[in-house]
Amino acid sequence: MKKLLVAASLMLSSALTQASDISLWEKSTLNEIVKRGELQVCMEAGYMPFEMRNKKGNIVGFDVDMAKAMAKAMKVKLDLRNTAWDGIIPALLTAKCDIIMSGMTVTAERNLKVNFANPYIVVGQTILVRPELADKITNYRDLNDPKYVVATKLGTTGDIATKKYIGKSNIRLFETESEGALEVVNGNADAFVYDLPFNAIYSSQNSDKVVHLDDSFTYEPLGWAIRKGDPDFLNFLNNFLAQVKGDGTYDKIYNKWFASDEWLKSVQ
């Protein structure tokens with residue numbers, strides 16, 4: 001009799017666990033995406049080469065191509081939702097999109113609000129300086145002085161790193177990375193701190209107006225962000241990333257946007 005009770009208890013426990021798993025899947029964003037037939041992605045179209053507008057006004061870039069590959073794997077349509085950076089996490093949390101794919105650095109502070117899939121690329125902060133200061137400023141430590149004006153983008157890890165490592169400088173914050181970099185070009189700032197990919201591209205376009213100190217002084221993994229409490233979606237994203245890195249899709253997209261500058265001709 002005791003064995004029968006134990007067996008019955010185990011069967012009931014298994015059934016309850018299975019029901020719980022099914023309930024969790026029903027609530028999953030991944031399930032919603034499949035049912036809807038559309039992947040809704042939040043990104044801010046202003047971070048070369050991750051996402052930006054081309055001459056036709058379409059959003060293109062590394063993250064866009066990764067999102068296209070993801071939607072194809074899901075067998076759904078793709079809806080890109082251009083979102084201001086300071087509102088991009090609130091947009092995700094209020095279900096205005098399914099996922100953030102926008103060059104977002106994984107930080108402990110952000111991780112308290114959202115969950116991140118495994119990092120898909122690693123970048124760091126570098127510096128653009130005025131050419132006439134290239135001999136005086138060779139690393140971030142040289143900028144840690146009140147006599148220098150340092151620009152960066154508001155609310156980004158560039159903002160955080162500048163305040164942490166170059167806090168004695170005269171820091172000026174801008175809404176977009178282009179505005180901040182332009183301050184150096186126009187002579188209104190001595191340096192601009194921002195992510196390596198953007199600074200590398202910007203310096204190649206303005207080689208006579210800025211000097212790029214391309215040794216990153218921070219370690220910043222970028223990851224896709226989703227709402228908390230969704231293990232099924234997180235599992236899919238990590239497996240998707242492993243697959244595209246294994247089958248050559250990732251390398252193809254990476255080489256298109258980072259190993260070549262041909263795309264520069266098509267952007268605004």
Side-chain angles (χ1 to χ4, degrees), residues 44 46-52 60-63 65-66 85 102-107 119-145 147-174 176-223 250-251 253-265 267:
E44 184 192 40
Y47 181 25
M48 297 190 296
F50 290 92
E51 45 271 328
M52 61 251 164
V60 297
F62 178 82
D63 284 332
D65 283 359
M66 289 297 290
W85 190 253
S102 193
M104 179 170 281
T105 304
V106 178
T107 67
Y120 64 94
I121 195 170
V122 176
V123 300
Q125 297 301 305
T126 62
I127 303 167
L128 298 179
V129 300
R130 292 192 288 120
E132 54 268 34
L133 293 175
D135 293 335
K136 297 180 179 179
I137 301 172
T138 59
N139 59 61
Y140 73 94
R141 297 182 187 86
D142 296 332
L143 284 169
N144 199 28
D145 190 305
K147 69 181 180 181
Y148 291 122
V149 175
V150 179
T152 189
K153 183 180 177 180
L154 176 68
T156 64
T157 50
D159 182 350
I160 296 170
T162 302
K163 290 173 180 174
K164 181 177 181 180
Y165 297 107
I166 320 174
K168 292 181 181 179
S169 66
N170 183 1
I171 301 171
R172 294 182 183 173
L173 304 176
F174 294 85
T176 69
E177 52 267 58
S178 297
E179 288 176 310
L182 191 60
E183 288 294 287
V184 179
V185 172
N186 291 337
N188 298 323
D190 299 306
F192 173 69
V193 174
Y194 202 57
D195 298 349
L196 171 62
F198 176 88
N199 282 352
I201 295 163
Y202 194 91
S203 64
S204 69
Q205 294 176 300
N206 300 273
S207 57
D208 59 331
K209 299 173 183 176
V210 297
V211 173
H212 186 203
L213 306 183
D214 59 2
D215 286 334
S216 300
F217 63 94
T218 61
Y219 169 80
E220 298 178 29
L222 307 187
Y250 181 93
D251 287 342
I253 296 173
Y254 183 93
N255 290 335
K256 174 183 175 181
W257 296 104
F258 290 96
S260 171
D261 62 359
E262 284 297 311
W263 55 268
L264 283 170
K265 300 174 185 176
V267 301

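All values derive from a computational prediction rather than experimental measurement.
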Subject >> Passing candidate, side chain to side chain donor-acceptor pair (under 3.5 Å) with Arg130, options Asn188, Asp190, Asn186 >> reply: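 Checked Asn188, Asp190, Asn186 against Arg130; only one passes side chain to side chain donor-acceptor pair (under 3.5 Å): Asp190.
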Under the 3.5 angstrom rule, does the side chain of [X] hit a backbone N or O of [Y] as a donor-acceptor pair?
| X | Y | value |
| --- | --- | --- |
| Thr176 | Glu179 | yes |
| Ser102 | Glu44 | yes |
| Asp195 | Gly158 | no |

Compare all side-chain heavy atoms of [X] with those of [Y] and state whether any distance is below 4.5 angstrom.
| X | Y | result |
| --- | --- | --- |
| Leu196 | Asn199 | no |
| Phe198 | Ser178 | yes |
| Tyr202 | Leu182 | yes |
| Phe62 | Glu51 | no |
| Ile127 | Phe192 | no |
| Trp257 | Pro197 | no |
| Ser169 | Val149 | no |

Nearest atoms (heavy-atom pairs only) where [X] meets [Y]:
| X | Y | value |
| --- | --- | --- |
| Ala134 | Val129 | CA-CG2, 4.4 Å |
| Trp85 | Gly155 | NE1-O, 3.5 Å |
| Ala189 | Ala151 | CB-CB, 4.2 Å |
| Asn139 | Leu213 | N-CD1, 3.9 Å |

**OP:** State whether the number of non-hydrogen atoms from other residues, nucleotides or ligands found under 6.0 Å of Asp208 atom CG is greater than 12.
**Re:**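 For Asp208, atom CG is crowded (more than 12 foreign heavy atoms under 6.0 Å).
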**OP:** For the residue pair Phe217 and Tyr165, categorise the inter-ring angle as parallel (less than 30°), tilted (30 to 60°) or perpendicular (more than 60°).
**Re:**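 The arrangement is perpendicular - the two ring planes meet at more than 60°.
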**OP:** Carefully, step by step, assess Asp142 and Lys136 under the rule salt bridge (Lys or Arg N to Asp or Glu O under 4.0 Å).
**Re:** CA-CA 7 Å; Asp142 296 332; Lys136 297 180 179 179; over 6 Å; no
Original post:
Checking salt bridge (Lys or Arg N to Asp or Glu O under 4.0 Å) for the pair Lys209/Glu183: CA distance, chi angles, key distance, verdict?
Top reply: CA-CA 11 Å; Lys209 299 173 183 176; Glu183 288 294 287; over 6 Å; no
**OP:** Taking the six-membered ring for Trp and the single ring otherwise, decide whether the centroids of Tyr120 and Tyr254 are under 6.0 Å apart.
**Re:**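 No; Tyr254 has its ring centre 6.0 Å or more from that of Tyr120.
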**OP:** For residues Phe174 and Tyr194, establish whether the separation of their ring centroids is below 6.0 Å.
**Re:**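 Judged by ring-centre distance (under 6.0 Å), Phe174 and Tyr194 do not meet the cut-off.
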For the residue pair [Y] / [X], report whether a side-chain donor-acceptor contact shorter than 3.5 Å exists.
| X | Y | result |
| --- | --- | --- |
| Tyr47 | Asp63 | no |
| Thr218 | Gln125 | no |
| Asp214 | Thr126 | no |

Subject >> Ion pair Lys256/Asp65, N-O distance below 4.0 Å >> reply: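 Looking at Asp65 together with Lys256, the answer is yes, because their closest N to O distance falls below 4.0 Å.
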